[in-house]
Chemist: 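Provided herewith is a single structure, encoded as structure tokens, for subsequent inquiry.
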Protein chains: 2
Amino acid sequence: MLQIPVTIDRSSPVPLYHQLYEQLSAAIETGRLKPGDAFENELALADRLQLSRPTVRRAIAELVSRGLLVRRRGVGTTVASQVIHRRDELTSLFDDISRRGQKPTTEVLDFVPDLENPVAAEALGLPADTPLLFIERLRLAGDVPTAVMQNWIPPRFADLTESEVAKGSLYAALRARGARPAVAHQTIGARRPSAKERRLLALAAGDPLLTMSRRAYDGDGSAVEFGDHCYRYDQYTFDVTVHES
Amino acid sequence: MLQIPVTIDRSSPVPLYHQLYEQLSAAIETGRLKPGDAFENELALADRLQLSRPTVRRAIAELVSRGLLVRRRGVGTTVASQVIHRRDELTSLFDDISRRGQKPTTEVLDFVPDLENPVAAEALGLPADTPLLFIERLRLAGDVPTAVMQNWIPPRFADLTESEVAKGSLYAALRARGARPAVAHQTIGARRPSAKERRLLALAAGDPLLTMSRRAYDGDGSAVEFGDHCYRYDQYTFDVTVHES
DNA sequence: GAGAAAAGAATGTTCTAACAAATGACATTC
DNA sequence: GAATGTCATTTGTTAGAACATTCTTTTCTC
């Protein structure tokens, strides 16, 4: 039974259970604790760190809900298999390309303030005649065209500039304006490309298109963005991790 | 301030916090409580139902984590915007078709016990030479061919029968054998169909294919299934809800 | 020796009890 | 009238305790 060293700072404004969670989480993700290892039990941990059982329990519960630990009543707690770890995140194509070590470039094809689009407005939970900021961009990874992205942005971000959008991630710009995207509903599908899309993405005849439409919202439910994206099928796939329970 | 009627059965084996969660959850999802409505506060709820505050708190915490409620310190708890609700679930195509009100039919194209497939075995975390059960099926929604599904199943489910697989959901059969799929990693993409796929799915020339490969695992990390599925692009899309935080 | 019963260990549920921190409303002061 | 301060309300954090449930291990009995 490996005892992970943990230091608790009671004068910190960070809740004790969160301090504990972070240090245990790090111990697992750095491999200090390996999948299958038995985990120190609640009582022992509470006693060793001079914390109450509910506090320790809460930290462990967080680790379990994140998929890092598995609890079995009567048996004990063990570090979950590697394949369980990992979780969905709200990422953008910009981040995805960067992470692959390629250099993302953006070409702004269209930038229209105050465009009405009933479908997009409704998806964002706004009145159908709300004027939205419309952006259409072509994304390249290095020299390879990867995606055509159309986005509709609600009025509260209307001060976005074209150069800002050309420079980097749309989400970075929205976050800089106080948006805190918390939930996104994505619909992923495939279809035949239009002539324009075929040209922009340099598709051969018969090549399919991978599509994703996304509605993103803040924690309080206010709309952040509606997007309609098309990807080259040989340049992009979606990884989704689904949890039961 | 609307008081939701709740009945708590203390003799039930169902935990009190879960009884409470279910009834409150139902009140929100049936629209009895509407988005933006103020929610009865913890103390009042605890007092009214003769429950302790931690118990009430746990039920509310569950509702918050499911996105049905929003809590703000010093202010109170309110019912979250509609768009936040819903969460990822581990579903199968069989369930999806049923839910749309269509009748799913299955045609077993291939059923091979003890087939070696290093790629599938490795994805399942098994030795490359592990003999796997291979199943290939054509799924129809009513009369319309919808998907071609290839699945590789680990040896512990080797007693699956062809008729069982033909009858219903593969997941139902696996669950009946004690599998409790908890996590699945899915990769969604698009590609051009092969000649065989074009024929099976009655695709026109140039029609694209929506693809999904999935690795599913039990709560303890043991492999449940590796699948490689192809869908008619006009019959199916993937809905994914992504959460930040 | 095999099976049943008991003991032990671990997590699961529930309660009572304080105190802390954030917020909004109201009152006070300048 | 505007800024400031106070207070009640509400959620957030932490503690300590008791008992229930489940699974493993050991012991006892036949």
Side-chain angles (χ1 to χ4, degrees), chain A residues 1-3 6-24 36-65 67-80 219-220 245, chain B residues 1-3 6 8-24 36-65 67-80 178 180 218-220 245:
Chain A
M1 172 72 65
L2 191 56
Q3 292 192 1
V6 176
T7 58
I8 299 293
D9 175 8
R10 300 191 89 101
S11 69
S12 159
V14 178
L16 304 184
Y17 66 83
H18 196 251
Q19 292 182 36
L20 182 52
Y21 162 76
E22 286 200 319
Q23 295 181 51
L24 294 175
D37 280 2
F39 192 81
E40 198 174 359
N41 75 58
E42 291 179 7
L43 277 343
L45 243 183
D47 191 56
R48 178 160 74 85
L49 303 175
Q50 291 294 295
L51 294 170
S52 73
R53 193 179 159 209
T55 302
V56 171
R57 224 179 133 63
R58 179 151 180 190
I60 294 178
E62 196 105 341
L63 291 164
V64 170
S65 86
L68 272 64
L69 293 179
V70 175
R71 273 197 281 206
R72 290 216 330 252
R73 197 187 215 167
V75 179
T77 304
T78 51
V79 180
D220 61 0
S245 89
Chain B
M1 172 73 65
L2 191 55
Q3 293 192 358
V6 177
I8 298 292
D9 176 7
R10 300 194 88 100
S11 69
S12 158
V14 178
L16 305 182
Y17 66 82
H18 195 251
Q19 293 182 35
L20 182 52
Y21 162 75
E22 287 198 318
Q23 296 181 50
L24 294 175
D37 280 1
F39 193 79
E40 198 173 0
N41 75 59
E42 291 179 7
L43 273 346
L45 204 51
D47 190 57
R48 178 160 74 87
L49 303 175
Q50 289 296 293
L51 292 169
S52 73
R53 193 180 154 209
T55 301
V56 171
R57 222 178 135 63
R58 178 153 182 189
I60 294 178
E62 197 105 340
L63 292 164
V64 171
S65 87
L68 273 64
L69 292 180
V70 174
R71 275 198 282 207
R72 287 210 343 247
R73 197 188 217 166
V75 178
T77 305
T78 51
V79 179
R180 314 249 299 133
D218 264 347
D220 60 1
S245 87

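Quick caveat: nothing in here was measured; it's all calculated off a predicted structure. Letters A, B, ... mirror the listed sequences (proteins, then strands); counts begin at 1.
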Chemist: Roughly, in whole Å, what's the span from CZ in B:Arg72 to P in D:dT11?
Modeler: 12 Å
Chemist: Would you say A:Gln23 and A:Thr7 make side-chain contact, with heavy atoms under 4.5 Å?
Modeler: yes
Chemist: Starting the side chain at C-beta, find the nucleotide from D:dT10, D:dT24, D:dA18 nearest to A:Arg53.
Modeler: D:dA18
Chemist: Look at the side chain of A:Arg58 and decide which nucleotide, out of D:dT24, D:dT13, D:dG12, has an atom nearest to it.
Modeler: D:dT13
Chemist: Among D:dA15, C:dG24, C:dC15, which is the nearest nucleotide to the side chain of A:Arg10?
Modeler: D:dA15
Chemist: Of all the choices, D:dT11, C:dT14, C:dT11, which nucleotide is nearest to the side chain of B:Glu42 once you look at every atom?
Modeler: D:dT11
Chemist: Are B:Thr78 and B:Leu69 close enough that some pair of their side-chain heavy atoms sits under 4.5 Å apart?
Modeler: no
Chemist: Give a yes/no on whether any side-chain N or O of B:Thr77 is located under 4.0 angstrom from OP1 or OP2 of D:dT11.
Modeler: yes
Chemist: Once you apply a heavy-atom cut-off of 4.0 Å, does A:Leu16 come out as touching a base, just sugar-phosphate, or nothing?
Modeler: sugar-phosphate
Chemist: Using a cut-off of strictly less than 4.0 Å, decide whether B:Tyr17 has a side-chain nitrogen or oxygen near OP1 or OP2 of C:dT13.
Modeler: yes
Chemist: Would you mind telling me which of C:dT13, D:dT11, D:dT14 lies closest to the side-chain atoms of B:Arg73?
Modeler: D:dT11
Chemist: For A:Arg57, answer base if it contacts any base atom (sugar-phosphate contacts may also be present), sugar-phosphate if it contacts only those atoms, and nothing otherwise; contact means non-hydrogen atoms under 4.0 Å.
Modeler: base
Chemist: For A:Gln50 and A:Arg10, which heavy atoms make the closest approach, and how far apart are they?
Modeler: O-NH1, 3.3 Å
Chemist: OP1, OP2 of D:dG12 versus side-chain N and O of B:Arg71: anything below 4.0 Å?
Modeler: yes
Chemist: Heavy-atom distance under 4.5 Å between the side chains of A:Leu63 and A:Arg71, does that happen here?
Modeler: no
Chemist: Quick one: A:Leu43 CG to C:dT11 C1', roughly how many Å, whole number?
Modeler: 9 Å
Chemist: As a test of reading the structure: which of D:dA15, D:dT11, C:dT13 is closest to the side chain of B:Pro15, going by heavy atoms?
Modeler: C:dT13
Chemist: A:Thr55 versus A:Leu20: any side-chain heavy-atom pair under 4.5 Å?
Modeler: no
Chemist: Just how far, in rounded Å, is P of D:dT14 from CD of A:Glu62?
Modeler: 12 Å
Chemist: Is the phosphate of C:dT13 approached by B:Thr55 (side-chain N or O, under 4.0 Å from OP1 or OP2)?
Modeler: no
Chemist: Measure from CG on B:Leu51 to C1' on C:dT16 and round the result to the nearest Å.
Modeler: 14 Å
Chemist: Without decimals, in angstroms, what is the distance between A:Leu49 CG and D:dA15 C1'?
Modeler: 15 Å
Chemist: Where the side chain of B:Gln19 meets the backbone of B:Asp9, is there a donor-acceptor pair that is under 3.5 Å apart?
Modeler: yes
Chemist: Output the rounded distance in Å from CG (B:Leu69) to C1' (D:dG12).
Modeler: 16 Å
Chemist: Whole-Å distance between C:dT13 P and B:His18 NE2?
Modeler: 10 Å
Chemist: Send over the distance from A:Leu20 CG to D:dT13 P, rounded to a whole Å.
Modeler: 14 Å
Chemist: Could you work out which one of D:dA15, C:dT11, D:dT14 sits closest to the side chain of A:Pro54?
Modeler: D:dA15
